[in-house]
Amino acid sequence: QVQLVESGGGLVQAGDSLRLSCAASRRTFSDRAMGWFRQAPGKEREFVAAINWSGRNTYYVDSVKGRFTISRDSAKNTMYLQMNSLKPQDTAVYYCNAAYCSTLGCFAPLSDSWGQGTRVTVSS
């Protein structure tokens, strides 16, 4: 099982930027699609973005398209989420996980095992 550690969250104002990181403990990271998911207070965890194993294909929820960019550095076993133009509705705990991919793309978590996440709070 791949162990994942999220970091980079914080308290920012609307319009600011943050970069989240997801560090994996095993080299199998390089062979898997990976994704970011978030859970806002009182809501279900939702998909945010995913990237396939090669980094060539990326997927985003509509609400973050044009503002968030997912990337990965397989040499460092690390995935990133660059978040620009943050909005109060982006406030959530952000988690990374391996992503399940179908012919339609990668939009779901592969595992039901989650790390502690990193909290992002955007004030208006």
- What pair of heavy atoms forms the shortest contact from Arg38 to Ser63, and how long is it? NH2-OG, 3.5 Å
- Message: So which atom in Arg72 and which in Trp53 form the shortest heavy-atom distance, rounded to 0.1 Å?
- Response: NH1-CA, 3.4 Å
- Validation row: Val48, Leu81 side chains within 4.5 angstrom (heavy atoms): yes
- Query: Can you list the steps and then say if Met34 with Leu4 is a side chain to side chain contact (heavy atoms under 4.5 Å, CB included)?
  - Reply: CA-CA 11 Å; Met34 299 294 298; Leu4 302 165; 3.9 Å; yes
- Polar side-chain atom of Thr118 near backbone of Gly9 as donor-acceptor pair, under 3.5 Å: yes
- Side chain proximity check, Trp36 to Leu20, heavy atoms < 4.5 angstrom: yes
- Query: Do the non-hydrogen side-chain atoms of Tyr95 and Glu6 ever get within less than 4.5 Å of each other?
  - Reply: yes
- What are the two closest non-hydrogen atoms of Ala14 and Ser124, and how far apart are they? CB-CA, 4.4 Å
- Are the side chain of Asn57 and the backbone N or O of Asn52 linked by a donor-acceptor pair below 3.5 Å? no
- Query: Trp114 and Phe37: aromatic ring centres closer than 6.0 Å?
  - Reply: yes
- Query: Is any side-chain N of the basic residue among Lys87 and Asp90 closer than 4.0 Å to the acidic one's carboxylate O?
  - Reply: no
- Query: Can Val61 be reached from Val93 by stepping across I, L, V, M, F, W or Y side chains whose heavy atoms are under 4.5 Å apart?
  - Reply: yes
- Just wondering, do Met83 and Phe68 contact through their side chains at under 4.5 Å, heavy atoms? yes
- Task: Using a cut-off of 6.0 Å, state whether more than 12 heavy atoms not belonging to Glu46 lie near its atom CD.
- Result: yes
- Query: How long is the span from the CD atom in Gln89 to the NZ atom in Lys43, to the nearest 0.5 Å?
  - Reply: 8.5 Å
- Task: Indicate if Tyr94 and Leu18 have the same hydrophobic cluster label, given that clusters are the connected sets of ILVMFWY residues with side-chain heavy-atom separations under 4.5 angstrom.
- Result: yes
- Note on the structure: Smallest heavy-atom separation, Ala99 atom then Leu110 atom, equals C-CB, 3.9 Å
- Task: Could you state whether Val120 and Phe47 fall into the same hydrophobic cluster, counting links through intermediate Ile, Leu, Val, Met, Phe, Trp or Tyr residues with side-chain heavy atoms under 4.5 angstrom apart?
- Result: yes
- Message: Once rounded to the nearest 0.5 Å, what's the spacing between atom OG1 of Thr121 and atom CD of Gln13?
- Response: 12.5 Å
- Query: Does the side chain of Thr78 pick up a donor-acceptor pair with the side chain of Asp73 at under 3.5 Å?
  - Reply: no
- Item | Atom pair OG (Ser71) and CZ (Arg19), whose distance is rounded to the nearest 0.5 Å | 7.0 Å
- Could you tell me which non-hydrogen atom of Ser17 sits nearest to which non-hydrogen atom of Ser85, and how far apart they are? OG-N, 4.3 Å
- Query: Does one hydrophobic cluster hold both Val12 and Val64, with members joined at side-chain heavy-atom distances below 4.5 Å?
  - Reply: yes
- Message: For Val122, is there any backbone N or O sitting under 3.5 Å from a side-chain donor or acceptor partner on Thr91?
- Response: yes
- Nearest non-hydrogen partners of Tyr60 and Ala49, listed with the distance: CD2-CB, 3.6 Å
- Message: Distance check, rounded to the nearest 0.5 Å: Asn84 atom CG versus Thr69 atom OG1?
- Response: 6.5 Å
- Query: Going from CD on Gln39 to CZ on Arg119, what distance comes out if it is rounded to the nearest 0.5 angstrom?
  - Reply: 10.0 Å
